[in-house]
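Reckoned from all heavy atoms, side chains included, excluding hydrogens, waters and symmetry mates.
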There are 2 protein chains.
Amino acid sequence: MAQNSDEGTIGDRAYRRIRGDILQGRLAPGEKLKLDRLKEDYGVSVSTLREVLSRLSSEKLVVAEGQRGFEVAPVSVEELKDIASLRLLLEVHAIAQSFQSGDMEWEARVVAAHHKLAAMEEKKKSEGSPDNETWKRYDWEFHQALISACGSRELMETHGAVFDKYLRYQMLALTDRGEIAAREHRQLMELALKRDAAKAGEVLKAHITGGVEHALAVGRIV
Amino acid sequence: MAQNSDEGTIGDRAYRRIRGDILQGRLAPGEKLKLDRLKEDYGVSVSTLREVLSRLSSEKLVVAEGQRGFEVAPVSVEELKDIASLRLLLEVHAIAQSFQSGDMEWEARVVAAHHKLAAMEEKKKSEGSPDNETWKRYDWEFHQALISACGSRELMETHGAVFDKYLRYQMLALTDRGEIAAREHRQLMELALKRDAAKAGEVLKAHITGGVEHALAVGRIV
DNA sequence: TCATCATAGATTTTCGAATTTGCCTATTGA
DNA sequence: TCAATAGGCAAATTCGAAAATCTATGATGA
């Protein structure tokens, strides 16, 4: 069975690793990405690295200026708010579409994704936070499931890209709102089954703006 | 004075050329992009080419599957409709924001962009269509100007990416609706000055869906 | 006849070195 | 003292060749 981190070319694997390191904050915002150092750290050649960094710069996770090399994209409260409001726009619209045309398979996906996420949230409450990475993946999978019946591949991919950037801020702030977020997730699932898109939009708005405020309150974002 | 096509590294120039060739349809949808041939055509080495193609594949203008190389992203009526509806979502929202907070500078940008576009549309009507490329750029600049006061960099960049993909379909269909589109452009400018976002949204919807229908009617999209 | 496997050719992926460019420091001249 | 310039070093960019992978063709055996 092909492990995710084993499949694809060397370049693909390096891409996933570096992308993950940026999203998780292991590569800090604004950090200079010197080719020679990365070559050591990730064990690939400079050409392959450039390929990877080019991809990431077109996703705006890395900035490439002139012929002065690459660095990790900086963060700012302004951008966080901006990303959050774009996520809200896309996700509210996608939810409305999804709620309208979702079938039983879709409901099953939503319930299943919520089950995994809720279990993780429960575990976090009792044991602290052992594995931020998989928790965030479950969060992603749940929101992805909610909109998975929207019928638009473009919308889902664009939403995914924005969501990942949003996630980077959450990881950088090392913050989560625990029970509040868990309750909102449950509400979203229930509203999905009731097909109440209007109410779901409101909950989502509270969910996202709440997440932003909480991240800013921690004050780790410059 | 640095010409656009002269600035940046060799890689950047190749990127712009290849991207343009895809958008203009000179590189056909689905076409296999063999490294050796491109090496000749664009006069750069394989490593540089891969870097360029990686960037383009993260923009979904080329697809890169496994270790079987690259090809120009295919087109489909389904994707055209999908892209159009995403463009509509983003642009309607951005217009509403922009109309609300646009200042006099913004109005001037809108009027100026419309002036250039209208002149070009007039010229096309009388002389046929000599220069599709700059006409489409003026179209882009006008729509960009309309939303330029929306206050969200993320929204504008995302809209720009979607708009370019939409444009590729228009170029492939080699179609324009001449006077109809010109009239809609004028209406949009006038509504911008009147700050009537609701009506502008309706006109934009007609503008985009009309463009899609017209492109499909020509039947050049598979 | 048909499926399976091996082999050769074509193509992609990866690498390390050569070239180019930018940056810092020291020297010169005013 | 300060501005300007040259030189040297560090880093990024670009290249072409070596290695890995895929694809098409033909041979083998049931």
What about A:Y166 and A:W140, are their ring centers closer than 6.0 Å?
no
Do we get A:R17 above A:Y42's six-membered ring, with its NZ or CZ under 6.0 Å from the centre and within 45° of the axis?
no
Check this for me, if you would: do A:R55 and A:D12 make a salt bridge, where the nitrogen-to-carboxylate-oxygen distance has to be below 4.0 angstrom?
yes
To the nearest 0.5 Å, what is the distance between CZ on A:R153 and CG on A:L155?
12.0 Å
Looking at B:E141 and B:R109, does any basic side-chain N land under 4.0 Å from a carboxylate oxygen?
no
Got a list of protein N/O to nucleotides 17-21 of chain D N/O distances below 3.5 Å?
{"residue": "D:dT21", "atom": "O3'", "partner": "B:Q67", "partner atom": "NE2", "Å": "3.4"}

Take the angle between the ring planes of A:H143 and A:F163 and call it parallel below 30°, perpendicular above 60°, tilted in between.
tilted
Are any non-hydrogen side-chain atoms of B:L23 and B:M171 less than 4.5 angstrom apart?
no
Between CZ of A:F70 and C1' of D:dA10 the distance, given in whole Å, is 17 Å
Spacing between A:K34 atom NZ and D:dA10 atom C1', to the nearest angstrom
9 Å
Output the rounded distance in Å from CG (B:D36) to P (D:dC15).
14 Å
Within the 4.0 Å heavy-atom criterion, would you say A:L49 contacts the bases, only the backbone, or no part of the nucleic acid?
nothing
I need the CD-P distance between A:E65 and D:dA12, as an integer number of Å.
11 Å
Students should find this one: the first and last nucleotides of DNA chain C, 5' to 3', lying under 4.0 Å from a heavy atom of chain A. What are they?
C:dT13 to C:dC23
Any side-chain N or O of A:K32 under 4.0 Å from OP1/OP2 of D:dA12?
yes
From OH of B:Y42 across to P of D:dT14 the rounded distance in Å is 17 Å
Integer-rounded Å distance: D:dC15 P and B:L35 CG:
13 Å
Ring centres of B:H93 and A:H93 under 6.0 Å apart?
no
For the pair made of CD in B:E51 and P in D:dA12, what is the distance, rounded to whole Å?
13 Å
Protein-nucleotide distance (A:K39, atom NZ; D:dA11, atom P), rounded to Å
13 Å
Can you find a pair of side-chain heavy atoms, one from B:L86 and one from A:L90, that are under 4.5 Å apart?
yes
Answer yes or no: does a side-chain N or O of B:R68 lie under 4.0 Å from OP1 or OP2 of D:dT23?
yes
